[in-house]
Asks: 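A single structure is presented below for examination.
Atoms considered below: every heavy atom in the structure, side chains included; atoms not considered: hydrogens, waters and symmetry mates. Protein chains get the first letters and strands the later ones, always in sequence-line order, with residue 1 at the start of each.
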Number of protein chains: 2
Amino acid sequence: MEKQNIPDIVIERLPVYLQALNQLLREGQAVVSSAELGHLVDVSAAQIRKDLSYFGGFGKQGSGYNVISLIDNLRAILHLNQIWPVVIIGVGNLGQALLRYQGFARKGFEIVLACDNNPDLVGTTISGLKISDVRNLAEDLRLLNIRVAILTVPAECAQNVTDMLVSYGIKAILNYAPLVLKVPESVHVINIDPVVKLQTLTYYLETED
Amino acid sequence: MEKQNIPDIVIERLPVYLQALNQLLREGQAVVSSAELGHLVDVSAAQIRKDLSYFGGFGKQGSGYNVISLIDNLRAILHLNQIWPVVIIGVGNLGQALLRYQGFARKGFEIVLACDNNPDLVGTTISGLKISDVRNLAEDLRLLNIRVAILTVPAECAQNVTDMLVSYGIKAILNYAPLVLKVPESVHVINIDPVVKLQTLTYYLETED
DNA sequence: TACTGATTGTTAAAGGAGTGACAGGATGAA
DNA sequence: TTCATCCTGTCACTCCTTTAACAATCAGTA
C-alpha cells in the first residue's frame with residue numbers, strides 16, 4: 001500500500017538507521033533525537049525526520065524517539081519481524097565466507113541452503129550446512145520457501161543462474177558477480193561487486209604516485 | 001580540476017559502464033551506441049551520453065563510441081592506469097575470501113598487505129601473502145605506499161582501526177563492517193555490509209509467509 | 001498551574017538529477 | 001556530389017531530493 005510512493009533512496013537509509021539504533025540499544029540508551037541519530041549515521045536531522053515521517057509519527061516532541069519502539073517500527077517496515085530463509089548460490093571463496101559469517105542470524109536472515117555445481121563440493125558440510133547440488137535447486141527452493149538469494153558465482157554463469165532463480169520464484173538477489181543482471185521488474189537486485197566500489201573510490205584519489 | 005562539480009552518482013556509474021565495455025571488448029565488438037550500452041547496464045541512453053559528456057566528447061555522431069578508446073578514457077578518469085596497492089585489514093572469513101579472490105589484479109588493484117591482530121594468523125601465508133601484525137601497520141603502509149584499505153574487522157574495533165588507518169595516510173576505505181565510520185572529509189568510504197543490503201531488499205518483498 | 005527549553009512533523013523553497021527533443025556532424029549509398 | 005540515415009552532445013524542462021524554518025507539542029521546574 002505504502003510501497004509505490006516512497007523513494008528507494010529513503011528505503012536504503014532505513015537499515016542504516018536500524019544499525020545505529022541497535023548500537024544505542026546495546027549501550028542502554030532509551031531515547032534519541034533526530035540530531036543525535038543523524039550524527040551517528042552522517043545524515044541531516046531534517047532528513048531523518050522526513051524519512052521517518054513517510055511511515056508515521058514515531059517521535060515525541062521535546063524528547064525524541066524511543067529507541068526500542070523505533071527499532072520495532074523499522075523492523076516492521078522492512079519486514080524483519082520474520083526470519084527470511086536465504087540461499088547462497090556458488091560456494092567458492094566468497095560463498096564460503098558468507099556461509100561462515102555469523103552476522104545474518106541476528107539480523108533477520110538465515111542461510112538455509114547453499115548450492116554449487118562442483119561435484120567435489122556437493123555433499124560436504126560447511127558451517128553446519130550440507131552443500132546441495134544446483135540440479136536440485138528448483139525443489140530445494142520450493143521446499144524451503146526461499147525468495148531471497150545471494151549470488152556468488154563467476155560472472156560467466158551469473159545470468160544463466162539468475163534466469164533459473166527467477167523462474168523458481170526468487171524475488172530478491174544480492175549480486176556479488178561483476179555484471180548487471182537482467183531480471184523482470186518484479187525481482188529486486190542489489191549489486192556489491194567490490195571492484196566496482198574500489199574503482200569508484202580511486203576517482204577521488206590523487207594519482208601522483 | 002574537474003572533480004568538484006561532477007555528481008558522485010555519475011562517478012558511481014562509470015565503473016559499471018567500464019564493466020560492460022570490457023565485456024563488449026572480450027566479445028570483439030569495436031563500436032557501441034549509447035542505446036546499446038544503456039541496455040546492457042540498465043541506464044537510459046540520454047543519461048549515458050550526459051554522464052560521459054561531463055568529461056568530454058568521446059563518441060562519434062552517426063556511429064557511437066569506440067569501445068577500446070572509451071575504455072581507455074574511463075580508466076584514465078577513474079585513475080585506473082596504475083595498479084593501486086591495497087591493504088586488507090582483518091583476515092577472518094571475509095578477509096581471507098577477498099585475499100583469495102582473483103578479480104582484483106586485472107581491474108587495477110593488487111592486495112599487497114594483509115594484517116590482523118590474531119597471533120595465530122600473523123606469520124601464516126594465504127594466497128601467497130604473509131599475514132602481517134597490525135602493530136607494524138604504520139611502517140608497512142608507508143613502505144608500500146598504500147592509500148586504499150579494505151576493512152574486514154569486527155564492528156567493535158572498526159572505528160579504532162579506521163582512526164589508525166586515517167592517521168597513517170589511508171585515503172579510501174571499502175568498509176565491510178556493519179557501522180558508519182567517522183572519517184575526515186578528505187577520506188572516502190564506501191560501505192558494503194551485506195545485511196544492510198538484504199534489509200533493503202526485504203522491504204520490497206511480500207510478507208505473507 | 002504557568003513557564004522554559006527542547007524536539008518533532010510538515011510545509012515551502014532550493015537544489016540536483018534525469019528526460020526528451022533536436023541541431024549538427026558523420027557515414028554510406030546512389 | 002547529393003541524399004537519407006544514424007547517433008552524439010547539449011539545452012530546456014520536469015521530476016525528485018534535500019534543506020530550512022516554524023508552529024505545535026511535550027517534559028520538567030518552580
Asks: A/I48 has an atom CD1; how far is it from atom C1' of C/dT10, in whole Å?
Replies: 17 Å
Asks: Can you measure A/L37 atom CG to C/dT8 atom C1' for me and round it to whole angstrom units?
Replies: 14 Å
Asks: So what does A/I9 hit on the nucleic acid, given a heavy-atom distance under 4.0 Å: a base, only sugar-phosphate, or nothing?
Replies: sugar-phosphate
Asks: Heavy-atom count around A/I68 CD1 within 6.0 Å, excluding the residue itself: above 12?
Replies: no
Asks: On DNA chain D, which is the earliest and which the latest nucleotide, 5' to 3', with an atom closer than 4.0 Å to a heavy atom of chain A?
Replies: D/dT17 to D/dA27
Asks: Without decimals, in angstroms, what is the distance between A/F55 CZ and C/dT10 P?
Replies: 13 Å
Asks: Could you tell me how far apart B/R49 (CZ) and C/dA21 (P) are, to the nearest whole angstrom?
Replies: 12 Å
Asks: Hydrogens and angles aside, do A/D51 and A/Y17 bring a side-chain donor and acceptor to less than 3.5 Å of each other?
Replies: yes
Asks: Nearest-nucleotide wise, let me know which of B/S33 and A/D8 is further upstream toward the 5' end of DNA chain D.
Replies: B/S33
Asks: Is the shortest side-chain N/O distance from B/Q61 to OP1 or OP2 of C/dG24 below 4.0 Å?
Replies: no
Asks: Establish, with yes or no, whether the OP1 or OP2 oxygen of C/dT27 is under 4.0 angstrom from a side-chain nitrogen or oxygen of B/K60.
Replies: yes
Asks: For A/K50 and A/G62, find the nucleotide of DNA chain C closest to each by heavy atoms; which residue's nucleotide sits nearer the 5' end?
Replies: A/G62
Asks: Please state how far atom CG in A/L70 lies from atom C1' in C/dT7, giving the value in whole angstrom units.
Replies: 14 Å
Asks: Could you check whether B/F104 and B/Y101 have their ring centres less than 6.0 Å apart?
Replies: yes
Asks: Does OP1 or OP2 of C/dG18 have a side-chain N or O of B/Y54 closer than 4.0 Å?
Replies: no
Asks: Would you find more than 12 non-hydrogen atoms of other residues, nucleotides or ligands less than 6.0 Å from B/D42 atom CG?
Replies: no
Asks: Of A/Q19, A/R26, A/E27, which meets side-chain hydrogen bond (donor to acceptor under 3.5 Å, both in side chains) against A/Q23?
Replies: A/E27
Asks: So, is A/S63 close to the C/dT7 phosphate, meaning a side-chain N or O under 4.0 Å from OP1 or OP2?
Replies: no
Asks: Can you check whether A/L70's main-chain N or O pairs, donor with acceptor, with A/R75's side chain at less than 3.5 Å?
Replies: no
Asks: Fit a plane to each ring of B/H188 and A/Y204, take the angle between them on a 0 to 90° scale, and name the class: parallel (under 30°), tilted (30 to 60°) or perpendicular (over 60°).
Replies: parallel
